[in-house]
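Below you'll find the structure, written out as structure tokens, and then a few comments.
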Amino acid sequence: ISKLFVISGIIISSTKPYIKASKLKLQCKSCLNTKTIELSPGQNPYVPSFFFFFPGHNQKCPKDSFIAMPTSPVIDSQSLKIQEFPEDIQQLVARTYHLVVDRKNVSLCVPGDRVRATGVMLASDMKSDNLHKGYLYVTGIQKIKERAEVNYTEE
């Protein structure tokens with residue numbers, strides 16, 4: 001975990017690109033003060049329920065009074081699944097890995113593409129020791145071979 005890895009294989013599935021907050025702007029419904037939370041790569045956005053201390057604000061805000069502002073900056077993200085090359089399989093079942101791409105790496109690959117992905121392995125559940133729920137946060141992706149294109153002629 002938290003080391004740089006290179007994984008080569010075939011993309012077997014991909015989600016539609018979606019947007020994700022990179023900085024989450026929150027506003028208190030009662031006092032209208034705002035706070036910005038920086039989100040690290042791979043971190044899911046969340047709206048905290050606890051009270052922030054605002055300078056010049058003497059009273060405590062009620063619990064769950066924060067709402068996310070629609071002006072929060074967002075980035076494009078996408079989830080991919082990669083499977084090791086059939087020619088590299090030494091056991092009976094090919095291993096698959098979950099990849100998370102964002103920014104410039106979104107929409108670069110479709111299922112069937114052979115790629116080499118470089119990234120950092122992260123665990124989605126840090127409280128348990130189960131590393132099977134990990135994923136690769138991709139910092140760079142390179143196509144090894146394009147999908148076969150078929151050109152039809154009149155013949």
Side-chain angles (χ1 to χ4, degrees), residues 1-29 33-50 52 64-155:
I1 296 180
S2 298
K3 293 187 179 184
L4 202 59
F5 285 89
V6 177
I7 297 176
S8 298
I10 301 170
I11 301 294
I12 57 172
S13 72
S14 66
T15 63
K16 290 181 180 179
Y18 54 90
I19 58 171
K20 190 169 105 174
S22 58
K23 292 179 183 176
L24 194 58
K25 290 184 181 178
L26 302 172
Q27 184 177 37
C28 178
K29 291 186 270 186
N33 282 315
T34 59
K35 176 86 172 177
T36 302
I37 296 176
E38 293 273 341
L39 298 172
S40 59
Q43 180 183 0
N44 290 325
Y46 67 95
V47 178
S49 60
F50 58 87
F52 289 115
D64 294 328
S65 65
F66 293 100
I67 56 171
M69 302 294 292
T71 57
S72 299
V74 294
I75 56 172
D76 292 331
S77 292
Q78 186 178 24
S79 295
L80 304 170
K81 268 194 185 171
I82 190 170
Q83 185 177 42
E84 62 186 337
F85 292 127
E87 56 269 17
D88 293 343
I89 298 174
Q90 295 176 356
Q91 63 278 4
L92 294 175
V93 180
R95 291 180 289 218
T96 60
Y97 302 96
H98 182 74
L99 308 177
V100 175
V101 296
D102 60 11
R103 295 179 178 89
K104 62 180 173 66
N105 295 319
V106 172
S107 297
L108 290 180
C109 305
V110 294
D113 285 344
R114 292 175 163 253
V115 299
R116 182 176 300 117
T118 306
V120 179
M121 188 63 79
L122 300 171
S124 59
D125 186 8
M126 294 298 288
K127 294 178 183 172
S128 72
D129 292 331
N130 187 2
L131 297 180
H132 296 288
K133 293 186 179 185
Y135 61 93
L136 188 76
Y137 174 73
V138 176
T139 57
I141 195 161
Q142 173 189 17
K143 285 187 182 181
I144 297 174
K145 180 181 173 186
E146 293 286 331
R147 289 182 2 164
E149 292 185 23
V150 178
N151 294 324
Y152 294 102
T153 62
E154 292 181 16
E155 296 176 354

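Computed from a predicted structure; not experimentally measured.
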Inset, instruction - Can you tell me which residue pairs pass the salt bridge (Lys or Arg N to Asp or Glu O under 4.0 Å) test with a partner in residues 67-85, sequence neighbours excluded? - result: E84-R95

Inset, instruction - Output yes when a side-chain donor or acceptor of Q78 lies under 3.5 Å from a complementary backbone atom of S107, and no otherwise. - result: yes

Inset, instruction - Please round to the nearest 0.5 Å and tell me the distance separating atom OG1 of T34 and atom CZ of F66. - result: 10.0 Å

Inset, instruction - Grab the two heavy atoms, one from A117 and one from V138, that are nearest each other, plus how far apart they are. - result: CB-CG2, 4.4 Å

Inset, instruction - Please answer whether the main-chain N or O of S79 pairs with a side-chain N or O of T15 as donor and acceptor at a distance below 3.5 Å. - result: yes

Legend entry - Test item: T36 side-chain N/O and K25 main-chain N/O as donor-acceptor pair under 3.5 Å: no

Legend entry - Which atom of A21 lies closest to which atom of L39, heavy atoms considered: O-CD1, 3.3 Å

Legend entry - pair F85-I144: side-chain heavy atoms closer than 4.5 Å: yes

Inset, instruction - Answer yes or no: is there a side-chain heavy-atom contact under 4.5 Å between L108 and V115? - result: no

Legend entry - Distance in Å, L4 CG paired with L136 CG, rounded so as to fall on 0.5 Å steps: 8.5 Å

Legend entry - Short side-chain to backbone donor-acceptor contact, T139 and T118, under 3.5 Å: yes

Legend entry - Interatomic spacing from CG in L122 to OH in Y137 - rounded to 0.5 Å: 9.0 Å

Inset, instruction - Starting at SG of C109, measure out to NZ of K143 and round the result to the nearest 0.5 Å. - result: 6.0 Å

Inset, instruction - Check side chain to side chain donor-acceptor pair (under 3.5 Å) between Q142 and all other residues, then give those that pass, not counting sequence neighbours. - result: R116

Inset, instruction - Compare all side-chain heavy atoms of I7 with those of I82 and state whether any distance is below 4.5 angstrom. - result: yes

Legend entry - Closest heavy-atom pair and its distance - L80, S14: CD2-CB, 3.2 Å

Inset, instruction - Output the distance between atom NZ (K35) and atom CD1 (I37), rounded to the nearest 0.5 Å. - result: 8.0 Å

